[in-house]
Amino acid sequence: MQRGERISQILVALATIALVALPVVAATFGSTYAVTLATRLLIYGMVAVSLDLIIGYGGLISFGHAAYFGLGGYTVAILAFQLAEGVPIFGYDGTNEALVAWPLAMLVSGLAALVFGALSLRTSGAYFIMITLAFAQMVYYVFVALKYYGGDDGLAMARRNTLGGARIVDPQIFYYICLGLLAAVIFLVGRFTRSRFGMVLTGARMNERRMAALGFSVMRYRLVAFVIAGMIAGLGGALWANLARFVSPDMMAWTKSGEFMVMVILGGLGSLFGPVLGAAAFILVESTLSELTEYWQVLFGPVVVLIALFAPRGLWGWLTVRRRGA
Amino acid sequence: MSALHIAGLVKRFGALTATDDLNLSVAENELHAIIGPNGAGKSTLIGQITGEIQPNSGTITMFHTDVTRWSVPQRSLAGLARSFQITQLCQGFTAEDNVALAIQARQGSSFRFFADARKDRRLRDPARAALARVGLADRADRLVEELSHGEKRQLEIAITLAMTPRLILLDEPMAGMSHDESQKIVALLSSLKGTATIVLIEHDMDAVFALADRLSVLVSGRIIATGTAEEIRVNPDVRDAYLGGDA
């Protein structure tokens with residue numbers, strides 16, 4: 001246990017140094033591709049950490065997390081679009097300011113998570129998986145049908161949001177913004193999972209009947225976790241929209257939800273940092289294998305199977321947890 | 001004043017009437033044992049007292065409040081604590097974590113997000129004290145999955161006590177314990193007598209006759225007799241229905 005914690009700390013320190021240094025190193029090689037790729041990793045990592053809060057700690061297997069990611073992205077893109085068109089939305093002119101648009105993205109995703117969570121948390125097991133998927137598909141088809149916002153083709157953002165009035169042109173600056181936000185998310189989710197709230201959430205995964213007998217109405221705690229995770233995914237979507245300067249219904253496709261789940265499981269359920277590692281592994285494997293073949297998932301499948309077989313606690317568990325005793 | 005009052009309770013599962021117009025009254029601070037043969041409907045009765053099972057008709061009153069339609073957590077917060085016949089613990093947590101959760105449940109809302117619960121002395125000190133009371137002080141940091149069967153039973157009781165209940169429902173607390181372990185629990189329960197109302201469901205007749213102020217005998221979903229140990233021993237209906245020929 002002690003030793004595992006020591007290894008975790010070393011890994012986190014090394015990863016932090018690597019991530020802080022990455023744009024500088026990339027610049028010396030004149031590579032902007034690496035920074036873009038790493039920014040994707042940070043954003044996916046953030047969404048995966050939020051999903052880990054509900055799957056890994058809460059034991060709530062949500063198969064619709066991409067919906068909150070997509071809603072966050074669309075919120076930002078639509079606000080910029082309305083401003084550019086000069087057409088107010090719900091009496092609001094729209095905005096291109098990150099300090100307004102990003103919190104609004106979190107609010108929209110959080111509200112969706114509140115409604116969908118309140119309904120889906122009445123079920124459990126396979127039904128919960130199916131109903132979260134169904135809600136996400138509903139949102140997906142709504143945006144496919146919204147021709148005003150591009151429908152299937154998606155909606156482009158002319159430029160990135162401004163931050164406190166300043167434009168974010170430099171990809172390196174945007175990278176560091178994402179890195180800072182990821183660090184904040186990991187810090188907060190780490191605190192949540194260790195708090196009284198986190199003990200109830202985790203305890204309810206381990207033994208719901210016991211927790212009810214102790215006097216906990218576990219659904220309320222689960223719903224709050226679900227909303228927090230949805231809000232973080234919404235922030236991730238807002239960042240993604242700014243990175244790609246484009247949103248489309250693909251952001252909320254069920255395959256995207258599946259990818260987020262793969263990242264969490266690959267990295268290690270309930271391991272806080274693991275999902276970021278899972279996201280890194282996913283992006284690296286995707287970008288290298290997809291250069292080899294268009295059908296890279298044929299190769300990726302067996303990799304996931306091998307990890308599931310030989311590292312049941314995910315990559316993070318495999319790295320940090322050593323066999324004890326014997 | 002009665003701590004627990006059950007009137008006209010009926011629960012049917014299809015054609016089976018598991019609880020059949022059951023009446024029971026437990027006085028405050030009494031240790032009341034419920035005994036009965038297998039299949040008498042003990043589990044169904046417990047389920048209805050705790051709120052896990054909804055009765056078809058009848059009322060359950062705790063401390064003069066009708067709780068018949070209350071949820072499990074609501075009844076728990078009103079002062080009911082129960083131990084499970086088959087241990088219900090959070091396996092991935094330590095023994096101390098499990099008890100600390102019981103204490104946490106009694107300290108208001110757990111929508112507290114920032115402070116580390118494992119470093120909170122308001123949770124940890126009373127948790128250690130409760131573990132010490134059942135003789136598990138030196139096992140506090142062990143994961144539940146590392147505890148022996150008997151230790152898990154003791155942990156169940158530590159959790160129940162840590163809830164500072166007014167009404168304690170113990171579902172076969174001594175089941176599966178060694179003789180020494182159950183002696184410890186008998187001593188613990190007798191030390192609790194008079195401080196809380198205890199409803200004890202137990203097969204160990206020695207323990208029941210030693211501890212109980214009164215006993216009720218449950219047969220086929222009905223209470224057929226209630227009285228002191230001596231009254232129950234000589235009750236002809238009970239001898240007939242339950243204690244059988246060998247009594």
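First the proteins, then the strands, lettered A, B, ... as listed; each starts at 1. All of these numbers come straight from a predicted model, not from anything done at the bench.
Not one N or O on the side chain of A:R210 forms a donor-acceptor pair closer than 3.5 Å with the backbone of B:L89. Formation of a donor-acceptor pair under 3.5 Å by the A:S195 side chain with backbone atoms of B:D116 is not found in this model.
The aromatic rings of B:F113 and A:F197 are tilted relative to each other, their planes meeting at an angle between 30° and 60°.
Annotation: the span from A:M199 atom CE to B:Q104 atom CD amounts to 7.0 Å, rounded to 0.5 Å.
A:R205 does not touch chain B: none of its heavy atoms, backbone or side chain, sits under 4.5 Å away. Residue B:R75 does not touch chain A at all, counting heavy-atom pairs closer than 4.5 Å. Proximity to chain B (any heavy atom under 4.5 Å) is shown, for A:L201, by neither the backbone nor the side chain. Interface remark: B:A115 contributes backbone atoms only to the contact with chain A (heavy atom separation under 4.5 Å). Heavy-atom distances place no part of B:Q74 under 4.5 Å from chain A, backbone and side chain included. When heavy atoms are compared at a cutoff of 4.5 Å, A:V224 approaches chain B solely by way of its side chain, counted from C-beta outward.
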Exercise for the section: Could you give me the CA-CA distance, side-chain angles and deciding distance for A:R196 and B:D120, then say whether salt bridge (Lys or Arg N to Asp or Glu O under 4.0 Å) is met? Expected result: CA-CA 9 Å; A:R196 290 188 179 212; B:D120 191 336; 2.8 Å; yes
Handout entry: Intermediate values then yes/no, side-chain contact (heavy atoms from CB on, under 4.5 Å), B:R106 and A:L214
Key = CA-CA 9 Å; B:R106 289 292 179 276; A:L214 290 181; 6.0 Å; no
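When all heavy atoms are compared, the tightest approach of A:F216 to B:P73 is O-CG, 3.5 Å. Closest approach of A:A212 to B:S76, counting heavy atoms only: O-CB, 4.2 Å.
Within a 6.0 Å sphere centred on CZ of B:R112, heavy atoms belonging to other residues, nucleotides or ligands number more than 12.
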